[in-house]
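Worksheet: the structure to be examined is printed underneath.
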Number of protein chains: 4
Amino acid sequence: MNFCSDNVTGVAPEIMAALTTANETIAAMPYGDDPWTGRLDGLFSEIFEREVAVFPVATGTAANVLGLALFTPPYGAIYCHTDSHIVVDECGAPELYTGGAKLVDLPGADGKLSAGDLDAAIGAAGAGDVHHVQPAAISITQATEAGTVYSLDEVAAIGEVANKYGLALHMDGARFANAVAGLGCTPAATTWQAGVDVLAFGATKNGALAAEAVVFFDPARAETFGYRRKRGGHLFSKMRFLSAQLEAYVSDGLWLDNARHANAMATRLGAGLAAVDGVRLLYPVDANVFFVEMPRAIADGLEADGFRFYRMKDNGRTTVRLVTAFNTRVEDVDGFVASAASHGAGARRA
Amino acid sequence: MNFCSDNVTGVAPEIMAALTTANETIAAMPYGDDPWTGRLDGLFSEIFEREVAVFPVATGTAANVLGLALFTPPYGAIYCHTDSHIVVDECGAPELYTGGAKLVDLPGADGKLSAGDLDAAIGAAGAGDVHHVQPAAISITQATEAGTVYSLDEVAAIGEVANKYGLALHMDGARFANAVAGLGCTPAATTWQAGVDVLAFGATKNGALAAEAVVFFDPARAETFGYRRKRGGHLFSKMRFLSAQLEAYVSDGLWLDNARHANAMATRLGAGLAAVDGVRLLYPVDANVFFVEMPRAIADGLEADGFRFYRMKDNGRTTVRLVTAFNTRVEDVDGFVASAASHGAGARRA
Amino acid sequence: MNFCSDNVTGVAPEIMAALTTANETIAAMPYGDDPWTGRLDGLFSEIFEREVAVFPVATGTAANVLGLALFTPPYGAIYCHTDSHIVVDECGAPELYTGGAKLVDLPGADGKLSAGDLDAAIGAAGAGDVHHVQPAAISITQATEAGTVYSLDEVAAIGEVANKYGLALHMDGARFANAVAGLGCTPAATTWQAGVDVLAFGATKNGALAAEAVVFFDPARAETFGYRRKRGGHLFSKMRFLSAQLEAYVSDGLWLDNARHANAMATRLGAGLAAVDGVRLLYPVDANVFFVEMPRAIADGLEADGFRFYRMKDNGRTTVRLVTAFNTRVEDVDGFVASAASHGAGARRA
Amino acid sequence: MNFCSDNVTGVAPEIMAALTTANETIAAMPYGDDPWTGRLDGLFSEIFEREVAVFPVATGTAANVLGLALFTPPYGAIYCHTDSHIVVDECGAPELYTGGAKLVDLPGADGKLSAGDLDAAIGAAGAGDVHHVQPAAISITQATEAGTVYSLDEVAAIGEVANKYGLALHMDGARFANAVAGLGCTPAATTWQAGVDVLAFGATKNGALAAEAVVFFDPARAETFGYRRKRGGHLFSKMRFLSAQLEAYVSDGLWLDNARHANAMATRLGAGLAAVDGVRLLYPVDANVFFVEMPRAIADGLEADGFRFYRMKDNGRTTVRLVTAFNTRVEDVDGFVASAASHGAGARRA
C-alpha cells in the first residue's frame with residue numbers, strides 16, 4: 001500500500017527469471033563482450049524501427065547525463081523544464097558529466113516545456129557571443145515529473161525548435177514506457193520521428209532491478225559514449241546482468257504490459273479520488289503519476305490507515321503525489337479510494 | 001575453463017538467494033532508506049572492529065574514485081603505482097571525480113609501492129608551492145594488480161608515510177577478500193590498524209552481481225559522500241538490491257570462504273604450472289591472480305584446448321595472466337596444468 | 001563620445017605612471033614575491049579597517065569565480081540575481097572554477113536580490129538531501145548590472161540570510177568604487193560589516209589597465225586561493241605590474257575620486273536626459289551606469305551625431321544603456337543631452 | 001644581477017612605449033573589438049607564412065592549457081616530457097581546462113622527448129579500448145625546460161608520430177623566440193612545417209609586461225577558443241593593451257632581437273663558466289637558459305657577491321639554473337664569471 005514512487009517496487013518476475021537464467025552460464029566475457037549485450041542493438045533497433053546504438057547503465061541519472069554529455073560542450077547550455085529531474089534531483093550530475101555546462105530552466109504548464117517558450121529563450125541566448133554559454137541541447141521528460149505526457153505534436157514542435165537552432169534533443173524517459181502506453185503510439189513516433197536524438201530509456205521504475213538504456217538514434221553520434229561511461233564509473237564488469245534485464249524487459253512486450261497496468265491503476269485511482277468530496281486532480285492523469293489536492297484530514301486519515309505517499313505542500317489543503325506501478329494491486333487502489341472517502345467531509349458529516 | 005578474470009563469473013548462489021529474498025518484500029523505500037542498507041554500517045563495523053561508515057556502489061571504479069574524491073582537492077595529487085587500476089584502467093575517472101587532480105604514479109617491484117619511494121617522491125613534491133599540485137592521498141591496491149599482497153608491515157610503513165605528510169591512505173580492495181584470506185589476518189589489521197582511511201571493498205569479483213562498498217574508517221570524514229555519489233549517478237533507487245548482495249556477502253563468512261577457495265585454486269594452478277618445463281611464475285602467488293611466462297607453443301596449445309586467459313606480451317615467450325575465482329573447479333585447474341604439460345618442450349620431445 | 005561601457009576607457013594617468021615607475025626596477029622576483037605585492041595586504045587592510053587577504057588578478061571574471069570557488073563545493077549552489085554577470089556574461093566560468101556548482105538565479109526589482117526572496121528560496125532548497133545541490137553561497141553585485149546600489153541595510157539583510165543558513169556571501173564589485181562613492185559610506189560598511197565574506201574588488205573599469213583584487217575578510221578562509229589561482233592560469237609572473245596598478249589605484253584616494261567623477265557625470269547625464277521630452281529613466285541613477293527608454297528617433301539621432309552606446313531593446317521605443325567613466329568629459333555629457341533634445345519630439349515639432 | 005629567470009625582468013622600452021601610445025586613444029571597444037587586436041591575425045600570418053588564428057592571453061599557463069583544451073577530450077591523454085611546465089609547474093591547469101585529461105609524461109635526454117619513445121608509448125596506449133584514456137595530443141616545449149632546443153628534424157620526427165596516430169601537436173613556446181633565434185630558422189620551419197598544430201607563443205619572458213599568443217595553424221580548428229578563453233576568465237576587457245604589447249613585440253623584429261641578445265648572453269656566460277675549474281655545463285647552451293654543476297663553495301660565493309639564481313640540488317656539488325634575458329648586461333655576465341672564478345678551487349688554492 002505504498003504509493004510513494006514506482007521505485008519502491010522490487011523486480012518483475014520475468015526479469016528476475018532472466019537474471020537467474022543469465023547466471024547459469026558459468027563464464028561470460030566482461031564489460032559488454034557477452035551475448036546478452038550483443039543482442040541489445042538489434043532488439044532496440046527493432047523496437048524503434050531504425051538502427052540505433054544502445055548502452056546499458058544502471059541508474060536514471062547516469063542515463064540522462066551520459067546522454068547529454070555527448071551533445072553539450074562545457075561552455076554549452078541545456079534548455080529544460082524548471083521541475084525536471086536533471087535540474088532538481090541529480091545533485092549537479094549534468095554539470096559534472098558535461099564539464100560544467102549550464103542548465104537553463106524554463107517554467108511551463110502541466111510540467112511541459114512549450115516550443116514557443118524554447119524558441120524565444122534560445123533565440124535570445126546570444127549564440128556566437130563568447131560572453132554567453134552556447135545553446136547546445138534541449139531536454140524534455142516523457143512522461144513529465146507532473147505525470148503528464150507530451151503529445152506527438154508537442155514533441156515534434158520542440159524537435160523543430162531544436163532543429164532550427166542546431167541543438168540536440170534529449171528525452172528523459174525514466175517513465176518512457178508509461179508515456180508510450182499512455183499515448184498508444186509507437187516508440188518511434190514520440191522519439192526520433194519527432195526529432196529526439198537521444199533517449200534515456202528507463203526500466204528500473206517499471207520492473208527492472210537496476211537497468212536503463214541510453215539510446216542514440218544516430219549511432220554515429222554515440223562514438224565517444226564508451227569512454228564517457230567508463231570514466232563515470234558506469235561500465236559494469238558483469239554486464240550480462242544489466243543486459244539480461246533489458247532483454248527481458250523489452251521482450252514479449254513486458255515493458256508495455258507493465259506500463260499499461262501501472263497507467264490503468266493510476267487512472268482508476270485518479271477517477272476514484274476525483275469523485276471524493278474535496279479532492280481535486282492537479283493535472284491530467286496521462287500515465288502512472290499524478291498529483292491531487294485534498295483536505296489535510298483526508299491525507300492524515302489515509303496515513304493512519306497505512307497508506308504511504310509523498311506530501312508536497314501542506315497548508316490547510318495538502319498536495320499529494322501518487323504513483324502506481326507494474327505491481328500495484330486493484331484492491332489497494334480501491335482501498336485507497338475508500339479510505340479517502342471515509343475521511344472526507346461527506347463522511348465526517350454523515 | 002575461463003581464467004581471464006574473476007569478473008567472468010556469475011553470482012554466487014548465496015547472493016542470488018539474497019536477491020530473491022529481498023524481492024519478496026513488496027515495497028521498500030528507495031535510495032537507501034530500506035532495512036538492508038540500514039544494517040550495513042553495523043555489519044561492517046563488526047567486521048572491521050570499529051565504527052565505520054559504509055556506502056554501497058555498483059562498480060569498482062565508482063568505489064575507488066568516490067573514496068578518493070573526498071580526500072583530494074582538484075589541485076591535489078594522488079600517489080599510486082604505475083600499474084594500478086586507477087592509473088591504467090579507469091579512463092580518467094579519478095580525474096573526473098576529483099575535479100582534475102593528478103595521479104602521480106611510481107613504479108615498484110611485485111606491483112607494490114614502497115614506503116621509501118613514496119617518502120622520497122612526496123618529500124620532493126613541493127608542498128606549499130602554488131606551482132605544483134599538492135600531495136593529498138596515497139592509493140595502494142590490496143591485492144595488487146600483479147596478484148601480490150602487501151604484508152601488514154608494508155602497509156603500515158606506507159601508512160606512516162601518509163601520516164608523516166598528512167595525506168589520506170586509500171586502498172583499492174577490488175580483491176580485498178583474497179588479500180585478507182591470503183594474509184590470514186583480520187580485516188582491521190591490513191586497513192585502519194595500518195593507517196588506511198578509506199577502502200574500496202570489492203564484492204563483484206568474488207561472487208556478487210554488482211556490488212562494492214566504500215568503507216570510511218572515520219565516519220566523520222565521509223560527510224559529503226552522499227552528495228558526491230548522487231552527482232556521479234551512483235545512488236541506486238532500488239538500493240536494497242545492492243545492500244542485500246553486500247549483506248549476504250559478508251554474512252556467515254561467505255566473502256572469505258569464496259576468497260579462500262579462489263586463492264587455493266590459484267596456488268594449485270601456480271604450483272602445477274611451475275612444475276611444467278619452461279614455465280616460470282613472475283611473482284609470488286599471494287592471492288587469486290598470477291602471471292606466468294611460458295613458451296608461446298604452450299599458450300597456443302592451451303587455447304587450442306579451449307582454455308581462455310589474457311596474453312600480455314607475446315615475443316617468443318608469452319606472458320599470461322591467470323585468474324581463479326570463487327567458482328573455479330579443481331578439475332579445470334588440473335586440466336589446465338595437464339594441457340600445459342602436454343604442449344611443453346618435454347612433451348613435444350617425447 | 002563613447003558611452004558603451006567604462007571598459008572602453010584606457011588607463012588613468014596615475015596608474016600608467018605607476019607602471020612606468022615599477023618598470024624602473026631592473027629585476028623583481030616573480031609570482032608575487034615582489035615589494036609591490038608585498039604591500040597590498042597592508043594597504044587593503046587599512047582601507048577595509050580590518051585584516052584582509054588580498055590577491056591580484058587581471059579580469060573581473062577571474063576575480064568573481066576564484067572567490068566563489070573557495071566557498072562552493074562542486075555539489076553546491078550559488079544564489080544570485082538573474083541578470084548578474086556570473087549568470088549571464090561569464091560563459092560558464094563559475095561552473096568551471098567550482099567544478100560544476102549550480103547558479104540558482106532569482107529575479108529582483110532594480111537589479112537587486114531581496115533578502116526575503118533569498119530566504120524563501122534557500123529555505124526550500126532541500127539542504128541535507130543528497131538529491132539536491134546544496135546551498136553554499138550568495139552572490140550580489142555592488143553596484144548592480146542595473147546600475148543601482150544596494151543600501152547598507154539591504155546588504156546587511158542579505159548578510160543575515162547568508163548567516164542564517166551558513167552560506168558565504170560574495171560580492172561582485174566590478175564597480176565597487178562607484179557603489180562606495182554613491183553610498184558615501186566606508187568600504188567596510190557595505191562589505192564585511194554587512195556580512196560579506198569575499199569581494200571581487202574591481203579596478204579595471206575605473207582606471208586600471210587590467211587589475212582586480214580578490215579580498216577575503218577572513219584571511220584563514222583564503223588558504224587554498226593560491227593553488228586555485230595558479231591552476232586557473234591567473235598567477236602572473238611579472239606580478240609587480242598588477243600590484244603596482246592596484247597600489248596606485250587605492251593610494252591617495254584615486255579609486256574614489258575616479259568613481260565620484262564617473263558618478264557625477266552619470267547624474268548630470270541622467271538629469272539632462274530626464275528633462276528631454278519622451279525620455280524616461282528606468283532605474284535610479286545610483287552610480288555610473290543607467291538605462292533610459294527613448295523614442296527610437298532620438299537613439300538614431302544620437303548615433304548619427306557620433307555618440308556610441310548599447311541599445312538593448314528596440315521595439316518602437318528603444319532601451320539604451322549609458323555608462324560614464326573616470327575620464328568622461330562634461331562637454332561630452334552636455335553634448336549628448338543637447339543631441340538627444342535636438343532629436344526629440346519637441347525639437348521636431350519646433 | 002639576477003639570473004633567476006627571465007621573468008624577473010620588466011618591460012622592454014619598445015613595448016612600454018606601445019602601451020603608452022595605445023593609451024592615447026580615448027575609447028576603444030572592449031574584448032578584442034579594437035584595431036590593435038584586429039591587426040594581429042595579419043601580423044602573425046605574415047610571420048608564420050600562412051594564415052593563422054591568433055588569440056592574446058596574459059599568462060603562459062593560460063596559453064598552454066587553452067591551446068591544449070581544444071584538442072583534448074576529457075578522456076584524452078597528452079604525451080609530454082616529465083620535466084615539462086604543464087606537468088610540473090601549472091598546478092593542474094591542464095586537467096582543469098581539459099576537464100580532466102591525463103598527462104602521460106615520458107623522460108628524455110636533454111629535456112627533449114624522442115619520437116621513438118613517443119611512438120612506443122602511444123602505440124601501447126590502448127587506443128579504442130574504453131578502459132584507457134585515449135591519446136589526443138603531444139606537447140613539446142621549444143626551447144625546453146633544460147634550455148635545449150629541438151632541431152628541425154627532431155620536431156618533424158615528432159610531428160610524424162602525431163600524424164601517424166592522428167594526434168594534435170602542441171608546442172609550449174614560452175621561450176619560442178629564443179628557440180627560433182637559436183636555430184636561426186624561420187618561425188614556420190619549427191612549427192607548422194614540422195607538424196605543429198598549436199603554439200603557445202611567449203612574449204612575457206622576452207620583454208612584454210604580460211602577453212602571450214595562442215597561434216592555431218589551422219584557423220578552422222580554433223572555432224571554440226573564444227568560449228573557452230572566456231570561461232577561463234582570460235578574455236580581457238581592455239584587450240588593446242594585450243594586443244599592443246604583441247604588436248610591438250613582433251614588429252621590427254623586436255622579438256628576435258631581444259632573444260638573440262639573451263641567447264648571446266647565455267652563450268657568453270656558459271662559455272665563461274665552463275672555463276672555471278670545477279664547473280660543468282649539464283646541457284648544451286642552445287638558448288637563454290642553462291644548468292651548471294659547481295662546487296657548493298662557488299655557489300655560496302656567488303650569492304655572497306650579490307648574484308641571484310636558483311639552486312636545484314645541493315649535495316656537495318650544487319646544480320644551478322642560470323637564465324639570461326633581453327636586458328641582461330654584459331658587465332653582469334662577466335662579473336658573474338669573475339665571481340665564480342674567484343670562489344673556485346683554483347682561486348682558493350692561489
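Residue numbers start from 1 in every chain, and the chains themselves are labelled A, B, ... in the order their sequence lines are given, proteins ahead of strands.
Checked by atom type, the side-chain pair B:Tyr165/B:Asp119 shows a donor-acceptor distance below 3.5 Å.
By the 30° and 60° cut-offs, the orientation of the rings of D:Tyr97 relative to D:His234 is tilted.
Contacts between B:Val88 and chain D at a heavy-atom distance below 4.5 Å involve backbone atoms as well as side-chain atoms.
Heavy-atom pairs under 4.5 Å with chain B peak, among D:Ala125, D:Gly92, D:Gly100, D:Ala93, at D:Gly100.
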* side-chain contact (heavy atoms from CB on, under 4.5 Å) between D:Phe309 and D:Val320: does it pass, once the steps are laid out? -> CA-CA 7 Å; D:Phe309 45 83; D:Val320 159; 3.6 Å; yes
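Residue B:Leu103 holds its CG atom at 4.0 Å from NZ of D:Lys102, rounded to the nearest 0.5 Å. Here the CD-OG1 distance, from B:Glu145 to B:Thr82, works out to 11.0 Å after rounding to the nearest 0.5 Å. Here the straight-line distance linking atom OG1 of D:Thr318 with atom CZ of D:Arg296 works out to 5.5 Å at 0.5 Å rounding.
Chain D is approached within less than 4.5 Å, heavy atom to heavy atom, by no residue from residues 56-71 of chain B.
Residues B:Asn7 and B:Thr204 form no side-chain contact, since every pair of their non-hydrogen atoms from C-beta on lies 4.5 Å or further apart.
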